[in-house]
Amino acid sequence: MSGNASAGADKAGQNGWGENVTVDINEGIAWITLNRPEKRNAVNPGIVYEMIAVLDALEDDPRAEVLVITGAGEAFSAGQDLKEYFRDMEKAPPMERERLYRSNAAWQWRRMMYYPKPTIAMVNGWCFGGAFQVLIGCDLAICSDDAEFGLSEINWGIIPAGIVTKSVSMVMSQRDAMYYIMTGETFKGERAKELGLVNKSVPASELRAETTKLANVLRNKNPHVLRGAKTAYHHVRNMSWDSALEYLMAKSDSTTMRDPERGAKIGMGQFLDDKTYKPGLEAYDRKR
Ligand code: COA
């Protein structure tokens, strides 16, 4: 699957991809690859606008049930592109810079957080600065043991901006977040697991197989209910307990009522009447 590439901010709006981002859909999994290996997949305007086009296109593509984001070559992503995203934008018209930065936050944060399909970050190598937004924006994450992470901004004289510091504060403890923000020290996959940045760290040779296995677990669940569950999680984090209870009761009812599969009814029937499965151990039979 490929589209017309949009290489930079000047070509944005063509709704294409294929130059800076590639997509390969195979057995329900959309493998999205940040594809600038010679620049360690640093996020340039091309990646920003192509990712927006990809996310829009895959939203209602039934072949894409789970999205995996990874990087070509030896990097996941070296963060924002220091030349194209920062230095060049200093010289660009203010509205162009404003539009680019807003668009970047839009896909890495809000779009990913509330994306209607499950997303997994497959961190295959270097992961720096702005790449933390992509990583944390995904629902789940698996990395290779030798992947190297760093909040390197402090090393070149800026703070972790975009929405990086906020993202990090949502998944890491205050002590850990402050330590890595203030020292810029790098760490490997197993430490990323300890810090809560990834769900699993595995040997590089097993990375793709482990990611496929996790994606298939998600593919086996009711997609409508998965969507409701992740949306609810993000909303309740900022609510009081009272509001969260009210919201979750209403969200639960609306999710069940609007479920095209009528999953709750089928699941209950298979457990209580047919005695064909155990909800504690597996998903109900979706008859796919
Ligand atoms: N922005 C722009 N260009 C970048 C980049 C970035 N974030 N990261 C790497 N590149 C470019 C390099 O300039 C180099 O380009 P060139 O071949 O035209 O000289 C190319 O990618 C390869 O980088 P190089 O440093 O030679 O690769 P390496 O494998 O030895 O080191 C890194 C990899 C990731 C450790 C190193 O490139 C690096 O420190 N990158 C910056 C990471 C960072 O601080 N990102 C935070 C940005 S918010």
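All ligand and atom numbering here is 1-based and tracks the order in the structure. FYI, the numbering just counts along the sequence from 1.
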Problem set entry | Residue pair P279 / F271: nearest heavy atoms and the distance that separates them | CD-CD1, 3.3 Å

Problem set entry | Closest contact, heavy atoms only, T255 versus V225 | CG2-CA, 4.1 Å

Exercise. Is the closest side-chain heavy-atom distance between W17 and T22 below 4.5 Å?
Worked result: no

For this session: Look at atom 12 (C) of ligand 1 and say whether a protein heavy atom is found at less than 4.0 angstrom from it.
Result: no

For this session: Assert yes or no for the condition that the ring centre distance of Y101 to Y85 is strictly below 6.0 Å.
Result: yes

Exercise. So which bit of E38 gets within less than 4.0 Å of ligand 1, heavy atoms only: side chain, backbone, both or neither?
Worked result: backbone

Problem set entry | Identity and separation of the nearest protein heavy atom to atom 30 (O) of ligand 1 | R40 NH2, 4.6 Å

For this session: Answer with yes or no after comparing the ring centroid distance for Y180 and F187 against a 6.0 Å cut-off, counting only values under it.
Result: yes

For this session: Distance to 0.1 Å, residue and atom name: give those for the protein heavy atom nearest to atom 18 (O) of ligand 1.
Result: K39 NZ, 2.5 Å

Exercise. If you count the non-hydrogen atoms of other residues, nucleotides and ligands that lie under 6.0 Å from CZ in R87, is the total more than 12?
Worked result: no

Exercise. Distance below 4.0 Å between atom 36 (C) of ligand 1 and any protein heavy atom?
Worked result: no

Problem set entry | Neighbour count >12 (heavy atoms, 6.0 Å) for atom CE, M268 | no

Problem set entry | From N44, D81, N41 - option closest to atom 3 (N) of ligand 1 by heavy atom | D81

For this session: Would you mind listing which atoms of ligand 1 come within a distance below 4.0 Å of any non-hydrogen atom of E74?
Result: 29 (O)

Problem set entry | Residue-ligand contact E148/ligand 1, heavy atom below 4.0 Å | no

Problem set entry | Contact check, side chains of T256 and R262, non-hydrogen atoms, under 4.5 Å | no

For this session: Counting heavy atoms only, name the option from A78, G79, A75 that's nearest to atom 8 (N) of ligand 1.
Result: A78

Exercise. Is the shortest N/O to N/O distance between Q80 and ligand 1 below 3.5 Å?
Worked result: yes

Exercise. Can you check whether a protein heavy atom sits less than 4.0 angstrom from atom 25 (O) of ligand 1?
Worked result: no

For this session: Verify whether the ring centers belonging to F86 and W156 lie closer than 6.0 Å.
Result: yes

Problem set entry | Nearest protein heavy atom under 4.0 Å from atom 15 (O) of ligand 1, yes or no | yes

For this session: Please say whether L82 places an N or O atom under 3.5 Å from an N or O atom belonging to ligand 1.
Result: yes

Problem set entry | Non-hydrogen side-chain atoms of P118 and L67 separated by less than 4.5 Å | no

Problem set entry | Nearest neighbour in protein (non-hydrogen) for atom 34 (C) of ligand 1 | F128 CE1, 3.7 Å

Problem set entry | Top protein contact for atom 6 (C) of ligand 1, by heavy-atom distance | A42 CB, 3.6 Å

Problem set entry | Protein non-hydrogen atom found under 4.0 Å from atom 46 (C) of ligand 1 | yes

Exercise. In terms of atom number and element, which parts of ligand 1 are under 4.0 angstrom from non-hydrogen atoms of G130?
Worked result: 48 (S)

Problem set entry | Protein heavy atom under 4.0 Å of atom 39 (O) of ligand 1 | no

Exercise. In this structure, which one of R227, K117, R111 forms a salt bridge (Lys or Arg N to Asp or Glu O under 4.0 Å) with E59?
Worked result: R111

Exercise. With distance as the sole test, does D139 use its side chain to make a donor-acceptor pair with the main-chain N or O of T119 at under 3.5 Å?
Worked result: yes

Problem set entry | Residue part near ligand 1, for S152, under 4.0 Å between non-hydrogen atoms | side chain

